[in-house]
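Below you'll find the structure, written out as structure tokens, and then a few comments.
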Amino acid sequence: EAHINLGNIFKELKQLDAAVKSYEKVIAINPDYPEAHFNLGNTLRELGQLETAIKSYEKVIAIKPDNADVHFNLGDTLRKLGQLDESVKCYEKAISIKVDFANAYNNLGISLKKLGQLDEAIKCYEKAISIEANFVEAYHNLAVALLKLGQRDKVIKCYEKALAIKPDYYKAHNSLG
């Protein structure tokens, strides 16, 4: 317990290498401690060690398969590596565990958009917004997808909603001109 707390403090202080060592000590003592593997994965991802982070997330899933957050983080990591089909599966799994997971819907939309599935991506962004009405990033992502479909009136409405929520949202200002 002390090592995981120490790892969390190191991570908070951005002393990521020290955090990794602390989490690894926890895992050496208790290899089936899902929180230690999860925190290690997050720290490794922050360090840019994506392949190793994936292994940590997979260990969490082996220990505790119903953890929506680990499926979400694994999806994000796979997306960063360009493994879009796999990231889609992870986000879908996260949503199947936690049906109101707005971030998972948003990120699922991002992967689907990159796969050229704009209609499905739009549905995901809309679902994210229906769950979390003030989700500025989802409005932005929705606007970008709608723009690709040439739906300029809807794009403007999305950015206006984003700016009503967050008046200094630079992405909306840049897009509106």
Side-chain angles (χ1 to χ4, degrees), residues 7-16 19 35 38-50 53-54 57 60 67-177:
N8 293 342
I9 291 168
F10 282 135
K11 188 170 186 308
E12 207 171 290
L13 295 172
K14 300 293 181 199
Q15 296 179 23
L16 301 180
E35 185 182 349
F38 183 69
N39 292 357
L40 177 60
N42 292 341
T43 307
L44 291 167
R45 187 174 69 170
E46 205 170 322
L47 285 166
Q49 298 176 27
L50 303 181
I54 287 170
Y57 294 140
V60 177
N67 182 324
D69 291 326
V70 74
H71 289 283
F72 175 81
N73 287 11
L74 178 57
D76 277 354
T77 307
L78 290 166
R79 190 180 81 225
K80 286 181 181 176
L81 289 170
Q83 298 177 29
L84 299 175
D85 289 324
E86 292 303 312
S87 73
V88 166
K89 291 176 189 171
C90 291
Y91 295 132
E92 288 173 341
K93 181 66 177 175
I95 291 164
S96 75
I97 296 166
K98 185 177 172 185
V99 295
D100 63 344
F101 202 160
N103 281 325
Y105 278 104
N106 182 62
N107 289 15
L108 174 58
I110 293 168
S111 288
L112 291 169
K113 183 174 82 60
K114 288 183 177 186
L115 286 167
Q117 300 175 32
L118 287 177
D119 290 334
E120 292 303 311
I122 287 169
K123 289 176 189 172
C124 290
Y125 301 137
E126 289 172 339
K127 181 66 175 178
I129 292 164
S130 76
I131 295 167
E132 193 177 312
N134 292 332
F135 198 161
V136 174
E137 258 325 295
Y139 279 111
H140 169 72
N141 292 334
L142 177 58
V144 170
L146 290 168
L147 186 61
K148 286 189 177 284
L149 294 176
Q151 299 181 18
R152 296 193 188 289
D153 290 342
K154 290 182 180 179
V155 170
I156 291 168
K157 287 179 184 172
C158 285
Y159 283 129
E160 286 173 344
K161 287 180 183 175
L163 288 170
I165 296 163
K166 188 175 179 185
D168 62 344
Y169 188 59
Y170 73 94
K171 288 181 182 178
H173 285 291
N174 288 347
S175 297
L176 287 173

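Quick caveat, the model's predicted, so the values are computed rather than measured.
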- [ ] Before giving the answer on side chain to side chain contact (heavy atoms under 4.5 Å, CB included), spell out for F101 and I131 the whole-Å C-alpha distance, their side-chain angles and the decisive distance to 0.1 Å.
- [x] CA-CA 8 Å; F101 202 160; I131 295 167; over 6 Å; no
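Side-chain contact between D76 and Y91: present, with at least one pair of heavy atoms (C-beta onward) separated by less than 4.5 Å. No side-chain heavy atom of E46 sits under 4.5 Å from any side-chain heavy atom of N42. For the pair R45/Y57, a side-chain contact is recorded, criterion being any heavy-atom separation below 4.5 Å from C-beta on. When side chains are defined from C-beta on, V60 does not count as touching N73, because their heavy atoms never get closer than 4.5 Å.
Counting all heavy atoms, side chain and backbone alike, R79 lies closest to S111 at CD-OG, 3.2 Å. Here the closest heavy-atom approach between residue N106 and residue A138 is recorded as OD1-CA, 3.3 Å. When every heavy atom of Y105 is checked against every heavy atom of C124, the shortest pair comes out as O-CB, 3.2 Å. Across A104 and A94, no two heavy atoms sit closer than the pair CB-CB, 4.3 Å. Closest of all the heavy-atom pairs between A19 and K11 is CB-N, 3.7 Å. Across all non-hydrogen atoms, the minimal contact from L115 to D85 is CD1-OD1, 3.5 Å.
Atom NZ of K93 has 12 or fewer heavy atoms from other residues, nucleotides or ligands within 6.0 Å.
Put simply, CD on E35 and CG on N8 are 6.0 Å apart, with the number rounded to the nearest 0.5 Å. Taking CD1 of I9 as the start and CD of Q15 as the end, the distance is 10.5 Å to the nearest 0.5 Å. Note that CZ of F135 and NZ of K161 are 15.5 Å apart. Values are rounded to the nearest 0.5 Å. L147 CG to Y159 OH: the interatomic distance, rounded to the nearest 0.5 Å, is 7.0 Å. With rounding to the nearest 0.5 Å, the separation of CG in L50 from CD in Q83 is 10.0 Å. Taking OH from Y139 and CD1 from I165, the interatomic distance works out to 5.0 Å, rounded to the nearest 0.5 Å.
A side chain to side chain contact (heavy atoms under 4.5 Å, CB included) with N141 is found for one member of I122, I110, N107 and no other, namely I110.
Contact check on K89 versus E92 returns no salt bridge, with no Lys/Arg side-chain nitrogen under 4.0 Å from an Asp/Glu carboxylate oxygen.
Legend: salt bridge (charged side-chain N to carboxylate O under 4.0 Å, His left out) pairs involving residues 105-122, not counting sequence neighbours, sorted by first then second residue: E120-K123.
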